[in-house]
Amino acid sequence: MITAGRARGGVGPLRARLYAWARTLHLYLSMLALLSLLFFALTGLTLNHPEWFGEGRVRKASGTLPGAPYLKGEAVDWLRLAEDLRALGLRGRVAEHGEGGGAVWLSFRAPGYGADAQVDPRSGAYTLTLTEAGLVAALNDLHKGRDTPGAWRWALDASALFLALVSLTGLFLGLFLRKTRRAALLTLLLGLLLFGGLALWASL
C-alpha cells in the first residue's frame with residue numbers, strides 16, 4: 001500500500017517535484033546546448049589535428065594609399081590610416097600597431113585571417129602580407145575565442161554555463177533514482193579515474 005504523502009515507488013512529493021524539475025530543466029537545456037556541444041566537439045577534434053587542413057594561403061601586395069600623408073604634426077593619424085587600409089578590403093580588428101625606422105605598421109586579425117601592413121606615413125606607400133587559413137581555422141579560432149568580438153566571448157561563456165548545467169542536471173537525474181544510483185556512481189567514479197589518470201599522464 002502507498003501511504004499518504006508518498007509518490008509511487010516510495011518517492012516523497014518533494015523528491016518527486018525535484019526529479020520532475022531536474023528532468024524538465026535537463027531536457028530544455030540539452031536542446032539549447034545541442035548545437036554548442038556539436039560545435040565544440042567537432043572543433044575540438046580539428047584543433048587537435050591542424051595538420052589535416054594545411055597552413056592556409058599567404059599573399060603579398062603593395063601600392064600607395066591615396067590619403068597620404070597620415071600625420072598630424074609628428075603624430076600618426078592611426079584612425080584614418082586604418083580606415084584607408086580597410087578600404088583595400090582588409091577586415092578584422094586592429095590587434096597591434098606601432099612605428100619605427102620612418103615606417104608604421106598595423107596588424108588586423110579575425111578568426112582564420114590575418115593582415116600585416118607596413119606603411120610610409122608620408123608617401124602612403126604600403127606593403128601587405130595577407131594570411132587566409134580557411135574555414136576550419138576560422139572555426140578553430142571561434143572555439144578558442146581568439147581575435148573575436150566581445151559578443152562572441154559572451155556567447156562562449158553562456159555555452160560553457162549551459163553545458164555545465166546540462167552535465168549537473170544529468171548527474172542529478174542519474175543519482176536521484178535508487179535503481180540507477182549505484183551504476184551512476186560507479187560510472188562517475190570510473191570516468192573520474194580514467195580522465196584524471198590520462199590528465200596526470202599527459203602532464204608529466
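- A side-chain donor from one of Thr46 and Asn140 sits under 3.5 Å from a side-chain acceptor of the other.
- Leu198 contributes atom CG, which lies 11.0 Å from atom CG of Leu193 (distance to the nearest 0.5 angstrom).
- Side-chain contact between Leu47 and His143 is present, with at least one heavy-atom pair separated by less than 4.5 Å.
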Exercise for the section: Verify side chain to side chain contact (heavy atoms under 4.5 Å, CB included) between Asp120 and Thr64, making sure each step is shown before the conclusion. Expected result: CA-CA 9 Å; Asp120 183 330; Thr64 303; over 6 Å; no
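- Of all heavy-atom pairs between Pro121 and Ala68, the closest is O-CB, 4.4 Å.
- Side-chain rings of Trp78 and His97 approach one another, their centers coming within less than 6.0 Å.
- Side-chain heavy atoms closer than 4.5 Å link hydrophobic residues (I, L, V, M, F, W, Y) into clusters, and following such links, even through other members, never connects Leu168 to Leu37.
- A salt bridge is defined here as a Lys NZ or Arg NE, NH1 or NH2 lying under 4.0 Å from an Asp or Glu carboxylate O, and Arg59 with Glu132 meets this definition.
- Here the closest heavy-atom approach between residue Leu163 and residue Phe40 is recorded as CD1-CD1, 4.3 Å.
- Across every non-hydrogen atom of Arg153 and Asp147, the tightest pair is NH2-N, 4.5 Å.
- Using a 4.5 Å cut-off between side-chain heavy atoms of Ile, Leu, Val, Met, Phe, Trp and Tyr, with links allowed through other members, Leu71 and Leu106 fall into the same hydrophobic cluster.
- With hydrogens and angles left out, the side-chain atoms of Asp116 and Ser107 include a donor and acceptor closer than 3.5 Å.
- Summarising the geometry of Asp84 relative to Leu65, their closest heavy-atom pair is O-CD2, 4.0 Å, with the distance given to 0.1 Å.
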Taking only distance into account, with no hydrogens and no angle test, what donor-acceptor pairs under 3.5 Å do side-chain atoms of residues 154-162 form with protein atoms, sequence neighbours excluded?
from	atom 1	to	atom 2	distance (Å)
Ser159	OG	Ser36	OG	3.1
Ser159	OG	Ala155	O	3.0

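- More than 12 heavy atoms of other residues, nucleotides or ligands sit less than 6.0 Å from atom CZ of Arg86.
- Taking a cutoff of 4.0 Å between a charged side-chain nitrogen and a carboxylate oxygen, Glu83 and Arg80 do not qualify as a salt bridge.
- Across Arg91 and Phe108, no two heavy atoms sit closer than the pair O-CB, 3.4 Å.
- Side-chain contact between Glu99 and Val76 is present, with heavy atoms from C-beta onward closer than 4.5 Å.
- Residues Leu130 and Leu90 meet the side-chain proximity criterion, which asks for heavy atoms closer than 4.5 Å.
- Clustering ILVMFWY residues whenever any of their side-chain heavy atoms sit less than 4.5 angstrom apart, transitively, puts Leu194 in a cluster other than the one holding Leu200.
- Looking only at distances, no side-chain donor or acceptor of Trp105 sits under 3.5 Å from a matching main-chain atom of Val119.
- Residues Leu139 and Leu135 form a side-chain contact, since some pair of their non-hydrogen atoms from C-beta on lies under 4.5 Å apart.
- Transitive grouping of hydrophobic side chains (ILVMFWY, heavy atoms separated by less than 4.5 Å) keeps Leu88 and Val58 in distinct clusters.
- Taking NZ of Lys60 as the start and CG of Leu128 as the end, the distance is 9.5 Å to the nearest 0.5 Å.
- Here the CZ-OG1 distance, from Arg182 to Thr187, works out to 12.5 Å after rounding to the nearest 0.5 Å.
- In the model, Tyr113 has no side-chain atom that pairs as donor or acceptor with a side-chain atom of Asp141 under 3.5 Å.
- The shortest non-hydrogen separation linking Thr148 to Pro111 is CG2-CG, 3.7 Å.
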